[in-house]
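Read the numbers this way: they start at 1 and go in the same order the structure lists the ligands and their atoms.
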Amino acid sequence: MEKTGLSSRELIELAERYSAHNYHPLPVVISRAEGVWVWDVEGAKYMDMLSSYSALNQGHLNKRIIAAAKAQLDALTLTSRAFHNDRFGPFCEYLCKVAGQESTLLMNTGAEAVETAIKAARKWGYSVKGVAKDRAEIITCENNFHGRTTTIVGFSSEEQYREGFGPFAPGFKMIPYSDVEALKRAVTPDTVAFLVEPIQGEAGVIVPEDGFLKEAAAVCRENNVLLMLDEIQTGLGRTGKMFCCEHEGVTPDVLIVGKALGGGVFPVSGILARKEVMDVFTPGDHGSTFGGNPLACAIGMEALKVIVEEDLPARAAESGEYLMERLRAIESPHVKEVRGKGLLIGVEIKETSGTARPFCEKLKDLGILAKETHHQVVRFAPPLVITREEIDWALPRIEQVLAGRVE
Ligand SMILES: *Cc1c(COP(=O)(O)O)cnc(C)c1O
């Protein structure tokens with residue numbers, strides 16, 4: 001690949017000048033990657049401990065996924081759903097089998113899949129549950145993150161996500177996370193769904209009480225309410241199981257997937273559900289020009305096969321346990337708590353030590369790319385293919401920063 005000939009500084013200046021300022025990236029410009037490693041344009045090497053918010057569970061430039069993508073690029077990329085394509089059916093079948101669900105509806109980004117789940121729940125509410133027209137309610141949780149569309153930010157509790165973007169869609173209620181009693185109180189005959197993340201990643205890796213998901217599932221079942229799990233970040237091996245809900249033996253009515261389903265190569269997302277729910281959609285109800293395109297399906301198929309065949313959930317469980325234990329052993333005046341599951345780990349910085357951002361900047365200077373989430377938390381979520389040696393490379397550097405030996 002030809003180089004741009006521009007320095008990191010010049011490339012950042014271009015981005016600042018010509019792009020909307022809707023992110024605050026760390027000042028590093030990446031031009032190459034492999035596995036858990038990335039290189040900037042000057043050739044400096046970093047370990048990627050963010051994995052693009054868990055979209056890179058299989059590692060950067062995973063050889064099998066890249067080969068599948070290249071092969072598909074020589075055959076067929078897009079048909080729209082106006083016609084069938086030969087990659088679509090087999091991928092839908094495999095995805096359903098892996099997820100233990102009967103049917104899927106493919107989209108591209110996570111937010112679109114969440115929107116699809118909302119539409120499915122509402123239409124199921126009217127046509128199956130018998131809720132009166134336009135009365136359907138969906139219960140959500142405080143500190144949720146489900147994406148950035150206007151409907152979704154409308155039920156966010158994060159002021160910045162909402163400020164300036166109203167008016168918002170009605171029909172959403174909010175309860176505290178991990179609070180089954182609040183869920184029971186919030187349910188009414190008009191409730192069609194409870195939308196929840198098994199672990200709140202963006203909120204700072206918030207792990208609910210043991211048993212929360214199981215009890216919430218029971219409340220949903222008793223009240224004929226759909227349990228809709230957003231596993232866009234927690235799914236596909238990240239927490240040490242294929243899906244985080246498996247830790248509690250819960251099967252959701254609607255499962256929402258994205259991110260790593262595209263193997264870090266292409267946006268691939270979707271919802272999975274029983275036929276009874278999915279069959280509310282009839283031709284013309286819902287769609288996406290790129291959803292289920294053959295390139296996405298070929299990449300998604302290989303991305304999923306890599307997770308299954310290389311047993312990445314087991315690797316995440318083992319590596320996660322090791323990394324978490326070692327992080328907890330670090331003596332630091334700045335760390336309030338280390339928490340998480342599998343390779344989704346949050347290190348909460350005490351407010352008296354300032355925000356997490358300067359810690360991320362110091363980590364970057366030592367060759368580790370991690371990103372603060374929700375002001376006080378450094379998230380460590382490397383690709384699941386990370387080896388013990390690679391973790392051991394990172395640990396002393398993380399320790400230096402957390403112990404405050406780097407200024
Ligand atoms: C990233 C994320 C989304 C949104 O996905 P996009 O692809 O950015 O639209 C939704 N829910 C959760 C839990 C996520 O982590």
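- Any N or O atom pair closer than 3.5 Å counts here, and Glu197 shares no such pair with ligand 1.
- Between the side chains of Arg122 and Tyr126, not a single donor N or O lies within less than 3.5 Å of an accepting N or O.
- From the protein, the heavy atom lying nearest to atom 6 (P) of ligand 1 is Gly110 N, 3.4 Å.
- Considering backbone and side-chain N/O atoms, Val114 never comes within less than 3.5 Å of an N/O atom of ligand 1.
- Here the side chain of Glu348 pairs no donor or acceptor atom with the backbone of Lys336 at under 3.5 angstrom.
- The shortest N or O to N or O distance between Ile232 and ligand 1 is not under 3.5 Å.
- Under the 4.0 angstrom criterion, atom 11 (N) of ligand 1 counts as having a protein heavy-atom contact.
- In terms of protein heavy atoms, atom 9 (O) of ligand 1 is closest to Ala111 N, 2.8 Å.
- Contacts with ligand 1 closer than 4.0 Å are made by heavy atoms of both the backbone and the side chain of Phe145.
- Atom 14 (C) of ligand 1 has its nearest heavy-atom neighbour, among Met107, Lys259, Glu202, in Lys259.
- Partner Ile271 forms a side chain to side chain contact (heavy atoms under 4.5 Å, CB included) with one of Met107, Met278, Met228 and no other, that one being Met278.
- Between Tyr177 and Phe212, the ring centre distance stays below 6.0 Å.
- Remark: side-chain polar atoms of Ser288 are paired, donor with acceptor, to backbone N or O of Gly291 under 3.5 angstrom.
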